[in-house]
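Below is one structure, written out as structure tokens; the observations come after it.
Keep in mind that what you see is a predicted model, and the values were worked out from it rather than measured. Counting from 1, the numbers follow the sequence of the chain as shown. Just the heavy atoms: all of them, side chains too, but no hydrogens, waters or symmetry mates, feed the values below.
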Amino acid sequence: SRFEVYGFCWTPDSKQPQRQRILKALDHHVRLGGVDDVTAAKLIAQAGIDVLVDLQGLTSGARPGILVQRPAPVQVSYLGLPGTSAVPGVDWMIADEFVMPAALQPYCTERALTLPRCYQVSDRQREVAPKPARSKYGLPDDAFVFCSFNNNHKFTREMFACWMRIVAAVPNSVLWLLADNDTARANMLACAAEHGVAAERLIFAPRVSPAEYLARFQLADLMLDTFPYNAGTTASDALWMGTPILTRSGRTYISRMAGSLLTAVGLPDLITESLADYERLAITLGRTPARVASYKRYLAEQGRQSPLFDLPLLVRDIEAAFEPLALAARHAA
């Protein structure tokens with residue numbers, strides 16, 4: 001009731017259900033497809049926007065040429081680029097105290113707009129397929145299942161070698177992965193062989209529908225996060241479905257995303273800050289499945305009621321952060 005919400009969009013129109021949900025939530029929808037950057041900036045300025053939120057940063061298809069013209073007095077980066085952009089005219093980035101501690105601020109061109117709980121918005125209305133049997137995906141019923149459904153470009157040689165040491169140290173464990181292409185699959189199998197890990201202990205998951213993708217998280221025991229590019233949405237998906245995550249947090253926004261989510265969901269003890277600690281804790285958890293089962297039980301009973309998934313509260317937090325910026329900009333004008 002305190003905000004009039006515009007959506008400026010240059011992506012192709014479609015009847016995709018999620019897009020239709022977003023459009024219905026807007027007060028105004030303005031199409032910018034085929035409109036040059038100067039004209040687009042004028043349309044935004046003419047709409048009298050107080051706070052312009054950029055959801056793309058410098059990702060594919062972004063249009064920073066609009067932002068550099070300052071069509072709004074307050075311009076904020078959110079979600080699309082988890083880190084600093086160095087785009088002139090972008091004043092703020094939405095963050096929280098974990099994902100962007102004060103010590104990291106000097107390395108960003110934007111100032112942190114710090115929310116009191118967690119920076120990440122999620123979706124509580126996603127369709128979830130029925131829980132499948134492990135046999136559907138070739139998973140042994142009696143194995144401890146580590147998983148990582150992050151895109152392969154987030155896998156580094158250092159972290160994958162660490163995963164191989166973890167699997168080797170945890171008897172009767174497997175690692176369940178996506179393979180984006182044949183080259184990635186071959187490289188992963190080669191790394192496994194170098195570490196004496198049998199090929200059958202790497203199980204590759206096919207691409208499936210979003211509903212099936214969410215449902216199969218329930219078959220894994222522990223998700224192993226990537227570093228230095230943490231899981232973001234994938235981490236949220238895992239926690240929503242009750243699967244705990246082990247993460248390693250570094251010195252950048254992008255390497256602290258999963259730690260922020262774990263803090264908000266109430267499992268900060270699954271955050272490590274070094275490769276050695278990450279490896280040690282992963283092996284300990286793999287060898288003590290009862291402890292992992294307690295994390296899963298906690299997530300099943302408490303996870304969805306945690307601040308991480310309290311979306312109305314997050315909306316109020318963002319509104320509370322935006323309102324003084326908007327009022328100050330109006331006063332200055």
Only counting residues at least two apart or in another chain, list the ones meeting side chain to side chain contact (heavy atoms under 4.5 Å, CB included) with [X].
{"X": "Pro17", "answer": "none"}
{"X": "Val128", "answer": "Leu214, Ala215, Met241"}
{"X": "Asp50", "answer": "Ala326, Arg330"}
{"X": "Ala40", "answer": "Leu32, Val35, Arg63, Ile66"}

For [X], all residues meeting ring pair (Phe, Tyr, Trp, His ring centres under 6.0 Å), sequence neighbours excluded:
{"X": "Phe217", "answer": "Phe149, Tyr213"}
{"X": "Tyr253", "answer": "Tyr119"}
{"X": "Tyr137", "answer": "Trp176"}
{"X": "Trp240", "answer": "Phe309"}

- Ser122 and Ser236: side-chain donor and acceptor closer than 3.5 Å? yes

- Query: Can you find a side-chain donor-acceptor pair between Asp277 and Thr272 that sits under 3.5 Å?
  - Reply: no

- Determine which pairs satisfy salt bridge (charged side-chain N to carboxylate O under 4.0 Å, His left out) with at least one residue from residues 16-28, sequence neighbours left out, and list them in order. Asp13-Arg19, Arg21-Asp123

- Hey, does the side chain of Thr109 reach the backbone of Ala86 with a donor-acceptor pair shorter than 3.5 angstrom? yes

- Message: Between Trp92 and Val74, is the side-chain contact (heavy atoms from CB on, under 4.5 Å) condition met? List the steps.
- Response: CA-CA 8 Å; Trp92 303 87; Val74 177; 4.0 Å; yes

Taking only distance into account, with no hydrogens and no angle test, what donor-acceptor pairs under 3.5 Å do side-chain atoms of residues 182-199 form with protein atoms, sequence neighbours excluded?
{"unit_1": "Asn187", "atom_1": "ND2", "unit_2": "Thr183", "atom_2": "O", "d": "3.4"}
{"unit_1": "His195", "atom_1": "ND1", "unit_2": "Cys191", "atom_2": "O", "d": "3.0"}

- Task: Would you mind listing every side chain to side chain donor-acceptor pair (under 3.5 Å) that reaches into residues 259-268, with sequence neighbours excluded?
- Result: Asp96-Ser260

- Residues at least two apart in sequence or cross-chain that pass side-chain hydrogen bond (donor to acceptor under 3.5 Å, both in side chains) with Ser249, listed by chain then number, are none

- Could you please spell out the steps behind the side-chain contact (heavy atoms from CB on, under 4.5 Å) verdict for Ile318 and Leu314? CA-CA 6 Å; Ile318 293 175; Leu314 176 59; 4.2 Å; yes

